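Sequential numbering from 1 along the given sequence is applied to the chain's residues. Remember, predicted model here, so these are calculated numbers, not experimental data.
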Amino acid sequence: MAKITTIERLGRHEGEKVTLRGWIHRRTSKGKLHFVQLRDGTGYAQCVLFKAGVDPELFEAVGAAGQESSVELTGEVIADERAPGGFELKVSAGRVLQSVHDFPITPKEHGTDFLLARRHLWMRSKRQWAVLRIRDAVITALRSFFDERGFLCVDSPMFTPSACEGTSTLFEVDYFEGEKAYLTQSGQLYAEASAMAFGKVYCFGPTFRAEKSKTRRHLTEFWMLEPEVAFADLDEIMQLAEEMLVHVVKRVLERRRTELETLGRDLSKLECIQGGFPRITYDEASEILVRHPDSDFDPGDDFGAADETILSNMYEQPLMITRYPKEVKAFYMKEDASNPGKVLCVDILAPEGRGEIIGGSQREENLDVLLAAVEKHELPREDFEWYFDLRRFGSVPHSGFGLGLERTVGWICGIEHIREAAPFPRMMTRIRP
């Protein structure tokens, strides 16, 4: 019997007889010849059926099978520079498992709403295949980066009793016995607790923001990777973030070059991500925006999407912006002793106008200062007593950041809207399928 293999491994079997299992992505028939572009989730391969070389029943069945028909095809692997991946399958046997007709997503142009309503089928297309395989490579690279540096993965809960970064974007849910709970905005506070137990940790999971935004950079459910490091200051956590991004881009270029090329990505934009990221302060960024003819930025405000686009378009590498005003940042960020009114924080903007992909800071380790910050933000003290314990028992300087997975994937892929960077995106106007 022929060995069962996958399309991405086809080149290892040149001259051998193998079986591929997959779906017909496209078929072209020319009299006594069928050209089948087969997909199996790992790649795309051309399979050639000559009428004289296969059973009549198989030739007829393949000729009648439409897009997304499921098949098993057996044949010899032949090198061919013209074929996708450089190899094709000269079919000698096989079967059609299900002959499909009227698949709703055809090669013609479809509207975004039409495609999103059929996301469960749209993700089979070549572009979505490429994006989601790159997402997988980003996730794998992130985990390997932290594993190689002695970090422990300690995940944070999805249900929380209170807000992490303000109450205006919380999803409220009914818990037990009339109690209210909220879907987490961030795993950071719990990661701080984990860091005090294990030193260097990260959590990685879904987070939720009930933000009524319809921009290309927002989802209501998205994944965050959040490392937290005991005894680290802002400079150390910034260096960690820079090394992480360099590592991720390098690994994606190594593992998913074909997928990037499928998307038409300009690889030179990624190959230049080598470290030495530019670093400017909030005040310096403000001066740039005030002078920019397309900006209406008001100094003292947080940066909006348009501001981030202007700033990130100025550099080929990710841009680090530090020391924002205390008023526009979260309660747990430590104030800069040398620059009162500013906090020891960093936002990292992806290049090519992509905007923020990372936000981080040195955390306030002094209990009295933290208590005052919680009171100022009018947060319920009783919900944070456990968090205050981290400052009562063995408090140390510590820092961390959060990376938005979909925004990072969107930047690396060069796609316009991050909804394509999630398998089943959740947005203000869409919760199905």
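Qualifying ring-ring contact (aromatic ring centres under 6.0 Å, His included) partners for Phe87, counting only residues two or more places apart in sequence or in other chains: none. Partners of Trp122 according to the ring-ring contact (aromatic ring centres under 6.0 Å, His included) rule, which considers only residues two or more places apart in sequence or in another chain, do not exist here.
The environment of OH in Tyr175 is sparse: at most 12 heavy-atom neighbours from other residues, nucleotides or ligands sit within 6.0 Å. Taking a 6.0 Å sphere around CD1 of Ile431, one finds it holds 12 or fewer heavy atoms contributed by other residues, nucleotides or ligands. With a 6.0 Å radius and a threshold of 12 heavy atoms from other residues, nucleotides or ligands, Phe231 has its CZ atom at or below the threshold. More than 12 heavy atoms of other residues, nucleotides or ligands sit less than 6.0 Å from atom CG of Asp298.
Residues Pro351 and Glu316 have side chains not in contact (no heavy-atom distance under 4.5 Å, counting atoms from C-beta outward). Here the side chains of Met427 and His417 are in contact, with some heavy-atom distance below 4.5 Å. Put simply, the side chain of Leu260 reaches to within 4.5 Å of the side chain of Ile412, judged on heavy atoms. In this structure the side chain of Leu403 reaches within 4.5 angstrom of the side chain of Leu142, judged on heavy atoms. Between Pro107 and Gln67 the shortest side-chain heavy-atom distance falls below 4.5 Å. Considering only heavy atoms from C-beta on, Leu240 comes within 4.5 Å of Phe151 through its side chain. The side-chain heavy atoms of Cys153 and Arg143, taken from C-beta on, include a pair separated by under 4.5 Å. Counting heavy atoms from C-beta outward, His110 and Arg118 have side chains that stay 4.5 Å or more apart.
Counting only distance, with no hydrogens or angles, the side chain of Asp40 and the backbone of Ile7 share a donor-acceptor pair below 3.5 Å. Between the side chain of Thr322 and the backbone N or O of Val346 there is no donor-acceptor pair closer than 3.5 Å. A donor-acceptor pair under 3.5 Å is formed between the side chain of Arg119 and the backbone N or O of Pro423. Counting only distance, with no hydrogens or angles, the side chain of Lys200 and the backbone of Arg149 share a donor-acceptor pair below 3.5 Å. With hydrogens and angles disregarded, a donor-acceptor distance shorter than 3.5 Å links the side chain of Gln317 to the backbone of Gly275. With hydrogens and angles ignored, the 3.5 Å screen pairs no side-chain donor or acceptor of Asp55 with any backbone N or O of Ala93. Between the side chain of Gln362 and the main chain of Leu234, a donor-acceptor pair closer than 3.5 Å is present. Under the 3.5 Å distance criterion, the side-chain polar atoms of Ser295 are left unmatched by any main-chain donor or acceptor of Arg291. Looking at Thr160, its side chain never comes within 3.5 Å of a backbone N or O of Thr184 through a donor-acceptor pair.
Applying the salt bridge (Lys or Arg N to Asp or Glu O under 4.0 Å) test between Arg217 and each of Glu356, Glu416, Glu211, Glu308 identifies Glu308 as the sole match. The salt bridge (Lys or Arg N to Asp or Glu O under 4.0 Å) test with Glu68 singles out one residue from Arg27, Arg26, Arg39, and that residue is Arg39. Just one residue in the list Thr74, Leu73, Leu10 forms a side chain to side chain contact (heavy atoms under 4.5 Å, CB included) with Val18, and that residue is Leu10.
Side-chain atoms of Arg21 and Thr19 include no donor-acceptor pair closer than 3.5 Å. Using modelled atom types, one finds no donor on one side chain facing an acceptor on the other under 3.5 Å when comparing Asp283 with Thr281. For the 3.5 Å distance criterion, the side chains of Tyr332 and Gln188 qualify, holding a donor opposite an acceptor. With no hydrogens or angles considered, a side-chain donor-acceptor pair links Glu192 and His398 at under 3.5 Å. With no hydrogens or angles considered, no side-chain donor-acceptor pair links Gln46 and Arg82 at under 3.5 Å. Under 3.5 Å, the side chains of Thr169 and Gln185 contain a donor-acceptor pair of N or O atoms.
Under the 4.0 Å criterion applied to side-chain N and carboxylate O atoms, Lys334 and Asp233 are not assigned as salt-bridge partners. In this structure, Lys326 does not pair ionically with Glu364, as no charged nitrogen and carboxylate oxygen lie closer than 4.0 Å. Taking the charged nitrogens against the carboxylate oxygens, Lys90 and Glu76 have no contact shorter than 4.0 Å, which rules out a salt bridge. Between Glu271 and Arg257 there is a salt bridge, since a side-chain N of the basic residue sits under 4.0 Å from a carboxylate O of the acidic one. Using a cutoff of 4.0 Å between basic side-chain nitrogens and carboxylate oxygens, Glu406 and Arg135 are scored as salt-bridged.
We find the CH2-CZ distance between Trp411 and Arg354 to be 10.5 Å, quoted to the nearest 0.5 Å. To the nearest 0.5 Å, atom CG of residue Asp307 and atom CD1 of residue Ile288 are 11.5 Å apart. Put simply, CH2 on Trp129 and OG1 on Thr262 are 5.0 Å apart, with the number rounded to the nearest 0.5 Å. Rounded to the nearest 0.5 angstrom, Ile310 CD1 and Asp294 CG are separated by 6.0 Å. Interatomic distance, CD1 of Ile24 versus CG of Leu38, reported as 7.5 Å (0.5 Å rounding). To the nearest 0.5 Å, the span separating OG on Ser69 from CD on Gln98 amounts to 7.0 Å.
Judged by the 6.0 Å distance and 45° axis criteria, Arg426 is not positioned over the aromatic ring of Phe424.
Across every non-hydrogen atom of Ala64 and Ser99, the tightest pair is O-OG, 3.7 Å. Contact record, Glu226 with Ala191: O-CB, 4.4 Å, taken as the closest heavy-atom pair. When every heavy atom of Asn313 is checked against every heavy atom of Gly353, the shortest pair comes out as OD1-N, 3.0 Å. Smallest separation of non-hydrogen atoms from Tyr44 and Lys126: OH-CA, 3.1 Å. Nearest approach of His34 to Ser29, heavy atoms of both residues: ND1-OG, 2.7 Å. Across every non-hydrogen atom of Phe171 and Phe208, the tightest pair is CD1-CB, 3.8 Å.
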### Task
Could you check Arg265 against Arg256 for side-chain contact (heavy atoms from CB on, under 4.5 Å), going step by step and ending with a plain yes or no?
CA-CA 11 Å; Arg265 185 67 164 112; Arg256 297 290 187 254; over 6 Å; no

### Task
Tell me, with the steps shown, if Ile418 and Val409 meet side-chain contact (heavy atoms from CB on, under 4.5 Å).
CA-CA 8 Å; Ile418 65 169; Val409 172; over 6 Å; no

### Task
Report the C-alpha distance between Leu319 and Met314 in whole Å, list the side-chain angles of each, state the deciding distance to 0.1 Å, and finish with yes or no for side-chain contact (heavy atoms from CB on, under 4.5 Å).
CA-CA 9 Å; Leu319 171 64; Met314 297 174 59; over 6 Å; no

### Task
Could you check Lys214 against His218 for side-chain contact (heavy atoms from CB on, under 4.5 Å), going step by step and ending with a plain yes or no?
CA-CA 7 Å; Lys214 298 180 182 179; His218 286 88; over 6 Å; no

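Centroid-to-centroid, the aromatic rings of Phe384 and Phe331 come within less than 6.0 Å. For Phe303 and Tyr324, the distance between ring centers is under 6.0 angstrom.
Between Tyr282 and Phe297, the ring planes are perpendicular. Angles over 60° get that label, and only those under 30° would be called parallel.
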